Amino acid sequence: MTPRPSSSGPDPEETAAKKAAAKETTTGKKATAKKATAKKAAAKKTVAKKAVAKKAAAEKTVGKKSVAKKSVAKKASGSRAPGRKASGKKAVPAAVRPVETPASPALDAADRERLLAGTHHDPHTVLGAHPVPGGVAFRVFRPYALAVSVLTGELRTELRDDGDGFFSGLLPLGGVPAYRLLVTYEETVQEVEDPYRFLPTLGDLDLHLIGEGRHEQLWQALGAHPTVHEGVAGTRFTVWAPNARGVRVAGGFNFWDGTGHPMRSLGATGVWELFLPGIGAGELYKFEITRPDGSRTFRADPLARRTEVPPATSSVVHASDYTWGDAQWLARRAEAPAHEAPMSVYEVHLPSWRPGLTYRELAEQLPAYVSDLGFTHVELMPVAEHPFGGSWGYQVTGFYAPTARLGDPDDFKYLVDRLHQAGIGVLMDWVPAHFPRDDWALAEFDGRPLYEHSDPLRAAHPDWGTLEFDFGRREVRNFLVANAVYWCEEFHIDGLRVDAVASMLYLDYSREPGQWTPNEHGGRENLDAVAFLQEMNATVYRRVPGVVTVAEESTAWDGVTRATHHKGPSGFGGLGFGLKWNMGWMHDSLQYMSHEPVHRKYHHGEMTFSMVYAYSENYVLPISHDEVVHGKKSLVSKMPGDWWQQRANVRAYLGFMWAHPGKQLLFMGQEFAQGAEWSEAHGPDWWLLDPEYGAAADHLGVRDLVRDLNAAYRATPALWRCDTHPSGFAWVVGDAAEDNVLAFLRLDADGAPLLAVSNFAPVVRHDYRLGVPDDVPAWHEVLNTDEVRYGGGGVGNPDPVKPEARGRHGRAASVRLTLPPLATVWLRPA
């Protein structure tokens with residue numbers, strides 16, 4: 001061995017080794033410290049050892065010289081075998097001791113070929129340092145290296161170049177020492193740790209939970225995690241790829257050639273693992289997977305917590321150092337369940353709300369804007385990484401990574417934090433129904449269907465050209481359930497609006513006869529998806545107090561918001577959601593509003609039918625992005641009449657919506673009556689609010705109404721306390737079709753009422769008599785959508801209105817009101 005340069009002088013062990021080697025040679029020449037001479041001496045020594053070994057094997061005996069060599073080798077190594085006493089033990093007679101032939105440190109042909117082909121399932125068993133007969137074998141696989149040396153203490157031993165990037169050597173040591181590698185490339189020399197000297201970074205409990213599909217914090221086990229392992233800083237890479245013949249890590253740190261970084265399989269779980277010392281946050285990486293057919297594919301990490309900015313597709317090693325400041329919000333949000341608290345939601349597409357703003361820049365503007373308008377929550381269209389911006393985020397490739405278009409994960413945390421500090425909850429659209437077919441993402445991830453169903457008919461989503469998740473596979477369910485928990489725990493998300501639930505629940509969704517197979521009971525229900533949704537909801541509600549899950553479900557499925565352990569008439573337990581989008585109310589009410597007022601009497605039931613089923617679920621009333629795109633027109637443009645009438649219709653509709661049982665959701669741009677459909681390319685038409693624009697007052701008036709609706713709503717428990725119970729609602733008149741009038745009472749838990757009256761006709765109705773409770777001495781207007789400051793005509797009831805002892809609509813008392821045209825008024829006890 002050749003000593004490394006040192007100011008402390010020659011190493012005593014090295015001197016002893018040299019003397020021993022010199023004694024065993026017939027030349028009697030002393031070894032020199034020069035590099036060239038050392039290499040030559042090492043080569044001669046190897047030849048001499050082989051000759052001695054051959055002779056010993058041929059004679060079947062051990063001579064005194066062999067005994068002496070073993071003794072010298074033990075002395076040179078400065079160590080002894082584990083558990084062996086240093087003295088006091090009788091020597092075994094040479095004649096009965098077995099012959100120990102030094103093993104060749106070089107890899108055998110099979111291991112070598114598998115490593116080169118990327119199909120080795122356990123490279124740690126052959127690479128690194130391993131005790132063998134004659135000492136410790138060191139094997140290193142470093143493609144493109146010119147030379148590799150092992151550094152142990154102050155000693156340096158150059159390994160033999162075995163070709164193709166393999167290097168090996170046999171050191172006469174009694175045990176595996178602490179060591180590093182000195183790797184020489186064409187233009188650099190690097191002193192590095194050997195990745196193949198480390199034990200696995202995942203424990204038995206992690207692997208057991210992954211195998212069972214019950215690892216509720218899966219993101220902490222899989223993916224790329226900067227960590228300190230066995231005292232060394234680096235990054236742990238882990239990935240689930242059970243069908244792979246081999247997996248390697250490729251990235252900027254190895255010039256995207258994963259040949260020298262094969263991962264090991266951790267048994268039947270299908271998890272592959274590798275700890276790479278010296279790799280930290282910010283490094284780009286992918287997994288190079290050898291598929292069952294021997295071909296290779298580069299794949300982004302399914303559990304990556306950060307990605308490159310699209311269209312680039314690499315995963316990024318991420319370590320968060322964010323410090324949260326929303327402890328008060330988190331402590332308070334669980335005080336009341338969502339369906340018994342005020343909730344008015346502002347739906348936002350972050351990349352286009354104010355195009356060009358980052359997460360941190362949005363954090364300076366969005367909370368202030370939403371807070372000023374009085375919304376209790378924002379709902380963010382999908383934040384998870386997606387390759388195509390035109391999908392609005394609904395075709396996800398990075399389920400654990402906020403889109404890098406607007407910043408890194410800590411930047412997104414900052415946005416959520418600032419919203420919470422402003423008193424605003426954060427809901428997020430979550431898309432567990434399907435994923436795109438990009439060949440660098442989840443589709444046939446390890447060469448066979450893995451995340452998608454193995455049946456092509458079950459896997460292909462008929463509407464979007466995507467693939468449906470295999471909800472029957474426990475590892476896939478685990479991936480999705482843990483993902484729901486991840487956003488709530490790691491990013492403090494207050495609720496998940498689950499997209500496209502109907503497409504998950506039905507096997508025949510958008511499929512013709514012959515394109516689907518009934519379930520085991522002969523039905524059309526996707527039993528696997530039902531079990532997944534129940535597990536997801538139960539897990540999220542158990543782990544994260546105060547959150548709410550919301551289903552976008554457009555059918556009459558029984559029990560969407562019923563508890564999972566309560567069975568309904570269909571025999572299924574509830575799906576366990578907290579709220580459900582009321583798609584029926586949205587379609588019916590918009591259909592009614594689109595008619596000319598003269599024809600509305602023929603469609604009156606479209607505005608009253610929602611109360612037939614209002615308490616079958618816990619509802620949200622959504623005017624979402626889906627209703628203002630693809631030729632459906634913006635909300636104001638759906639309305640009939642001239643510009644004044646269109647705005648009046650919108651104002652009346654919003655007043656009706658905010659008073660109707662259910663939570664409210666309004667998509668950005670509709671709060672100021674944007675006339676154009678939304679486009680993700682340029683976002684809302686903010687210029688409509690510019691004072692220099694001639695009609696700005698018209699748009700500002702609608703926005704002022706939304707602000708006042710929210711303020712009155714939050715201040716009136718009758719509008720939300722009993723939102724999901726029949727005791728919170730009572731019709732006053734629901735059959736005045738000829739008048740286009742609707743009137744009803746909302747009641748809080750103590751019976752305190754609010755009277756809401758909508759006149760969807762373009763005429764003023766004077767002295768319109770309505771039955772009211774006889775225990776209220778007077779009523780006064782708290783909101784009138786026809787106020788001049790909203791852009792209306794100023795018709796209303798400025799003075800308190802006193803009931804008369806004249807029965808109407810089944811009540812002993814009644815009031816006479818002036819109903820403005822195309823308007824909604826709210827009255828409360830004076």
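In this text the structure is predicted, and so the values were computed from the model without any measurement. We use all heavy atoms of the structure for the numbers below, so side chains are in, but hydrogens, waters and symmetry mates are not.
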Nearest-0.5 Å distance that lies between atom [atom1] in [X] and atom [atom2] in [Y]:
| X | Y | atom1 | atom2 | value |
| --- | --- | --- | --- | --- |
| Phe469 | Arg477 | CZ | CZ | 13.5 Å |
| Arg248 | His261 | CZ | NE2 | 11.5 Å |
| Thr397 | Asp438 | OG1 | CG | 6.5 Å |
| Thr517 | Leu507 | OG1 | CG | 8.0 Å |
| Phe275 | His124 | CZ | NE2 | 10.0 Å |
| Leu107 | Phe166 | CG | CZ | 6.0 Å |

**Message:** Students often mix this up, so state it plainly: with edges at 30° and 60°, are the rings of Phe237 and Phe253 parallel, tilted or perpendicular?
**Reply:**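 Answer is tilted, since the angle falls between 30° and 60°.
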Taking atom types as modelled, find out whether [X] and [Y] have a side-chain donor-acceptor pair closer than 3.5 angstrom.
| X | Y | answer |
| --- | --- | --- |
| Thr358 | Arg360 | no |
| Asp257 | Tyr144 | yes |
| Thr201 | Glu273 | yes |

Using 4.0 Å as the upper bound for N to carboxylate O, is an ion pair formed by [Y] and [X]?
| X | Y | value |
| --- | --- | --- |
| Arg214 | Glu535 | yes |
| Glu212 | Arg474 | no |
| Arg160 | Asp162 | yes |
| Arg497 | Asp429 | yes |
| Arg114 | Asp111 | yes |
| Arg405 | Glu680 | no |

**Message:** Closer than 3.5 angstrom, by distance alone: can the side chain of Arg305 be matched with the main-chain N or O of Ala319 as a donor-acceptor pair?
**Reply:**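 Answer holds: no.
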**Request:** Mark yes or no for whether Arg180, through its side chain, and Glu191, through its backbone, hold a donor-acceptor pair below 3.5 Å.
**Result:**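 Yes; at least one donor-acceptor contact below 3.5 Å.
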Please confirm whether [X] and [Y] have ring centers closer than 6.0 angstrom.
| X | Y | value |
| --- | --- | --- |
| Phe435 | Phe399 | no |
| Phe138 | Tyr179 | yes |
| Tyr322 | His492 | no |

**Message:** Using the ring pair (Phe, Tyr, Trp, His ring centres under 6.0 Å) criterion, which residues pair with Tyr486? Sequence neighbours excluded.
**Reply:**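 Partners of Tyr486 by the ring pair (Phe, Tyr, Trp, His ring centres under 6.0 Å) criterion, ordered by chain and then number, come out as Trp219, Tyr400, Phe491.
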